[in-house]
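These notes are about the structure you will find just below.
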Amino acid sequence: MKQVLAYTRTAIALHWLIALLVFVTFPVGVIMSDMALSPDKLKLLSYHKWLGVTVFILLVVRLVWRVAHRPAPLDVAMPHWQMLAAKAVHVLLYVLLFAIPLSGWLMSSAKGFQTVYLGVLPLPDLLARDKVLGDALSALHQVLNITMLLLVIAHIAAALKHHFVDRDGTLVRMLPFLGRRTSK
Amino acid sequence: MNKFIAAILLLLSFGAAAAEYSKVQADSSTITFVSKQMSVPVEGAFKKFTAQVRINPAKPEAGVAHMVIDLASIDAGSMEANDEVKGKSWFNVAEFPRAEFVSSAVKALGAGKYEAAGKMTIKGKTMEVRAPFTLKEDKGVLAIDGAFVLKRLDFGIGSGLWSDTSVVADEVQIKFHLLLK
Ligand code: HEM
């Protein structure tokens with residue numbers, strides 16, 4: 001049986017690439033925040049920023065792609081509130097994936113540390129150095145991250161429930177190889 | 001009458017040209033620096049220093065400077081960094097609270113540029129440094145602006161783990177902006 005993909009290959013690739021990067025960027029952020037100042041901490045801080053900026057770039061590509069290539073509607077029976085909740089979580093995740101790197105970039109500027117992408121491309125400082133603002137943006141970055149962590153947990157839990165409990169095709173839309181294996 | 005005015009102007013200009021500046025305006029003078037951390041330029045400053053400078057813009061070659069920098073007054077960009085750089089592996093301010101520069105010669109580089117040579121002492125090590133600078137007179141205030149690159153590892157600033165120059169570059173740019181009356 002030839003599968004009709006709900007999402008394009010590009011959309012699927014972007015989804016998993018961003019997921020992978022976030023799964024690395026997040027713990028790097030937590031680890032480096034707890035470290036005392038050291039050369040390793042400075043390295044992790046830079047890697048964290050480069051990873052985060054990469055997420056931001058990929059997210060913009062993904063949103064543009066999403067607008068140009070609408071996925072097929074989900075053809076799975078579920079309560080209306082679940083459908084709404086899923087939509088809301090997806091939209092919020094997009095918003096957070098945009099706002100988190102942005103807050104990190106602005107925080108860096110406010111703290112007086114420019115972001116130099118991959119050590120070669122200096123990003124403009126949109127804010128002047130301002131300690132109070134820097135601390136506020138740092139707190140915002142943290143709150144947005146905790147919110148995203150909770151939403152990602154819900155997102156994953158829901159995907160797994162659909163696949164293993166409801167046994168519907170929701171997860172297969174984003175992981176087509178799962179469908180191939182089970183349809184054999 | 002015209003001759004008289006000309007004579008006065010000549011006298012005035014001579015007077016201005018002969019002026020020697022020696023009162024460093026501590027509140028408006030600054031010593032700042034830029035270090036590179038992971039390719040990111042980070043600005044810092046020394047908030048407290050004393051500078052004894054005597055210079056006549058008509059003959060800057062005769063100028064002399066003696067600066068003493070209170071290293072504990074450093075602003076390295078963040079509180080965490082300030083604490084770190086006062087420690088043993090950086091400036092070790094407990095043992096070496098001050099950095100000192102004593103000029104030995106000033107020469108003209110042409111095009112309104114000069115260069116001060118002298119001895120810089122930090123952390124018990126003394127090295128020869130050369131700092132190019134410019135002079136600008138405006139309304140009785142002389143601005144001396146200059147910058148030079150100092151190699152931190154020459155003085156053992158940032159030793160041990162911190163000697164990794166791929167994280168913190170060896171070259172640190174020092175900038176001075178002195179206003180004299
Ligand atoms: C998807 C992108 C990102 C994620 C998931 C993320 C996640 C995190 C997390 C979880 C922390 C630890 C918070 C804490 O425990 O206090 C953190 C800290 C931090 N992040 Fe990000 N981040 C991202 C992007 C960025 C970007 C693009 C920058 C800067 C250009 C950045 C700069 C920072 C900084 C400087 C900290 C240190 C915390 C502080 O000083 O308050 N982040 N990040």
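Since we're looking at a predicted model, the values are computed, not measured.
- Heavy atoms of A:Y47 lying under 4.5 Å from chain B belong exclusively to its side chain.
- In this structure, chain B has a heavy atom under 4.5 Å from the backbone of A:K111, while its side chain stays farther away.
- With respect to B:D75 and A:K131, no salt bridge is recorded, no charged nitrogen being found less than 4.0 Å from a carboxylate O.
- In the hydrophobic cluster analysis, where Ile, Leu, Val, Met, Phe, Trp and Tyr join through side-chain heavy atoms closer than 4.5 angstrom, A:F98 is grouped apart from A:V95.
- Rounded to the nearest 0.5 Å, atoms OG (B:S166) and CG (A:L42) are 10.5 Å apart.
- The distance from the CG atom of A:L37 to the OG atom of B:S78 is 6.5 Å, given to the nearest 0.5 Å.
- Note on A:V22: it clusters hydrophobically with A:V89, by side-chain heavy-atom contacts below 4.5 Å among ILVMFWY residues.
- Residues B:K36 and A:V116 are not in side-chain contact: their nearest non-hydrogen atoms beyond the backbone lie 4.5 Å or more apart.
- For B:E80, the parts lying under 4.5 angstrom from a heavy atom of chain A are both the backbone and the side chain.
- Side-chain heavy atoms closer than 4.5 Å link hydrophobic residues (I, L, V, M, F, W, Y) into clusters, and following such links, possibly through other members, connects A:L97 to A:V60.
- No side-chain heavy atom of B:M38 sits less than 4.5 Å from a side-chain heavy atom of A:L45.
- Residues A:F113 and B:V172 do not share a hydrophobic cluster, defined by chaining ILVMFWY side chains whose heavy atoms lie under 4.5 Å apart.
- Clustering ILVMFWY residues whenever any of their side-chain heavy atoms sit less than 4.5 angstrom apart, transitively, puts A:V30 in a cluster other than the one holding A:I146.
- When heavy atoms are compared at a cutoff of 4.5 Å, A:K41 approaches chain B solely by way of its side chain, counted from C-beta outward.
- Counting non-hydrogen atoms of neighbouring residues, nucleotides and ligands closer than 6.0 angstrom, the CG atom of B:L161 reaches no more than 12 such neighbours.
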